[in-house]
Chemist: 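Just passing along the structure, written as structure tokens.
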There are 2 protein chains.
Amino acid sequence: MTTRRDAVHDTLRKSEGFRSAQDVYAEMRLHGAKIGLTTVYRALQALADGGQVDVLRTDDGESVYRACATDTHHHHLVCRRCGRTVEVAGPAVERWAEMVGSEHGFTEITHTVEVFGTCAGCSTAVRSS
Amino acid sequence: MTTRRDAVHDTLRKSEGFRSAQDVYAEMRLHGAKIGLTTVYRALQALADGGQVDVLRTDDGESVYRACATDTHHHHLVCRRCGRTVEVAGPAVERWAEMVGSEHGFTEITHTVEVFGTCAGCSTAVRSS
DNA sequence: GGAGGTTTTGACAACCATTTTCATTTTGGC
DNA sequence: GCCAAAATGAAAATGGTTGTCAAAACCTCC
């Protein structure tokens with residue numbers, strides 16, 4: 001019952017950055033896993049619901065998933081070229097969001113904060129090409 | 001050539017919060033405008049490219065657009081219930097993002113920061129129901 | 001060691017926002 | 001007015017994601 005989900009989770013853990021459901025599916029099939037695309041979607045959703053993986057949306061609307069090292073609240077610094085991801089904390093940002101929200105009478109404040117850039121490796125690769 | 005785009009822009013300006021392309025299209029047809037869905041999509045894209053409207057993605061992957069009051073960089077505080085939106089500045093957050101990025105050797109840093117909450121009006125509405 | 005019910009799985013079809021295509025219309029320049 | 005270039009929009013295509021449903025795997029209690 002949970003073996004499939006674990007397999008998906010494991011595959012995700014082996015990836016550097018955020019991966020789409022289709023990526024994970026392709027990856028697993030490559031390694032000979034017998035699993036269907038539907039099941040991968042369901043597993044990723046379940047993992048995301050359970051807070052065991054983080055989700056975000058790419059600019060073109062694809063959902064991408066990542067098994068993060070920490071299970072505490074954090075944000076991501078993502079290389080827009082290779083997808084390499086660094087987990088970062090931003091206590092100041094959390095406080096700012098809370099403050100901005102309550103200043104305007106909003107309650108149950110949540111926020112999304114993602115930072116994108118070109119990582120060191122990728123920017124040298126571009127320069128030399 | 002630009003009349004259609006202006007019509008779309010106007011419709012957007014009359015809305016309180018973020019609206020999807022389909023919303024805008026329906027709204028315009030309601031008011032008797034003769035315009036096609038394709039053109040609405042194209043106009044919104046052009047406006048977004050030109051920085052005249054802001055775009056963001058809803059949780060279910062829909063692109064939503066908003067004609068913002070200021071044309072300087074800012075973020076949004078969005079009511080997750082009614083969509084009412086407040087434009088907020090966050091100079092501290094900008095600096096934080098830059099710093100986090102360069103700390104890890106990333107260049108060309110960009111960031112997305114959105115704050116969600118339940119606005120005062122909506123939270124009383126919920127309480128009284 | 002089943003029998004019978006419940007859960008999980010996955011091939012396939014359906015969905016739906018968005019994009020592409022392409023024929024028609026409108027526009028601007030001369 | 002004429003013609004090339006740009007804009008328009010109806011309809012079809014796209015593609016990630018979700019729903020359907022029958023088959024398979026898994027319990028649980030005899």
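Just so it is clear: chains get the letters A, B, ... in the order the sequence lines come, proteins before strands, and each one is counted from 1. As the structure is a computational prediction, the values presented were derived from the model and not from experiment.
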Chemist: Given atom CD of A:Gln22 and atom C1' of D:dT14, what is their separation to the nearest angstrom?
Modeler: 13 Å
Chemist: Taking atom types as they are modelled, would you say the side chain of B:Thr38 forms a donor-acceptor pair with the base of D:dA10 within the 3.5 Å cutoff?
Modeler: yes
Chemist: To the nearest angstrom, how far is A:Arg5 atom CZ from C:dT9 atom C1'?
Modeler: 13 Å
Chemist: Specify the closest pair of heavy atoms between A:Ala48 and A:Val55, including all atoms of both residues, with the distance to one decimal.
Modeler: CB-CG2, 3.4 Å
Chemist: After noting the C-alpha distance and the side-chain angles of A:Tyr65 and A:Gln45, does the key distance pass the side-chain hydrogen bond (donor to acceptor under 3.5 Å, both in side chains) rule?
Modeler: CA-CA 9 Å; A:Tyr65 303 83; A:Gln45 254 165 228; 5.5 Å; no
Chemist: Is any side-chain heavy atom of A:Cys68 less than 4.5 Å from a side-chain heavy atom of A:His74?
Modeler: yes
Chemist: To the nearest Å, give me how far apart OH (B:Tyr65) and P (C:dA17) are.
Modeler: 13 Å
Chemist: Quick check: A:His111 with B:His75 (ring centres under 6.0 Å apart)?
Modeler: no
Chemist: Please tell me which of the listed nucleotides, C:dT18, D:dT8, C:dG10, lies nearest to the side chain of B:Arg4?
Modeler: D:dT8
Chemist: Salt bridge or not between B:Arg19 and B:Glu62? Use side-chain N to carboxylate O under 4.0 Å.
Modeler: no
Chemist: I need the OH-P distance between A:Tyr25 and D:dT18, as an integer number of Å.
Modeler: 16 Å
Chemist: What residues in residues 11-21 of chain A put a non-hydrogen atom under 4.0 Å from any atom of DNA chain D?
Modeler: none
Chemist: Less than 4.5 Å apart, any side-chain heavy atom of A:Thr85 and any of A:Glu16?
Modeler: no
Chemist: Taking the ring of A:His76 and the ring of A:Phe18, is the distance between their centroids below 6.0 Å?
Modeler: yes
Chemist: Specify the separation, in whole Å, of atom CD1 of A:Ile35 and atom P of D:dA24.
Modeler: 18 Å
Chemist: Of all the heavy-atom pairs spanning B:Arg84 and B:Cys119, show the shortest one and how long it is.
Modeler: NH2-CB, 3.8 Å
Chemist: Given atom CG of A:Asp60 and atom P of D:dG15, what is their separation to the nearest angstrom?
Modeler: 12 Å
Chemist: Please pick, from D:dG16, D:dG9, C:dT18, the nucleotide with the shortest atom-to-atom distance to any side-chain atom of A:Glu62.
Modeler: D:dG16
Chemist: Round to the nearest Å and state the distance from B:Asp59 atom CG to D:dT17 atom P.
Modeler: 14 Å
Chemist: Below 4.0 angstrom, which residues in residues 39-50 of chain B have at least one non-hydrogen atom near DNA chain D?
Modeler: B:Thr39, B:Arg42
Chemist: Between A:Leu44 and A:Ile35, is there shared hydrophobic-cluster membership here, with clusters defined by ILVMFWY side-chain heavy atoms closer than 4.5 Å?
Modeler: yes
Chemist: Can you check the B:Leu37 CG to D:dA10 P distance for me, whole Å?
Modeler: 9 Å
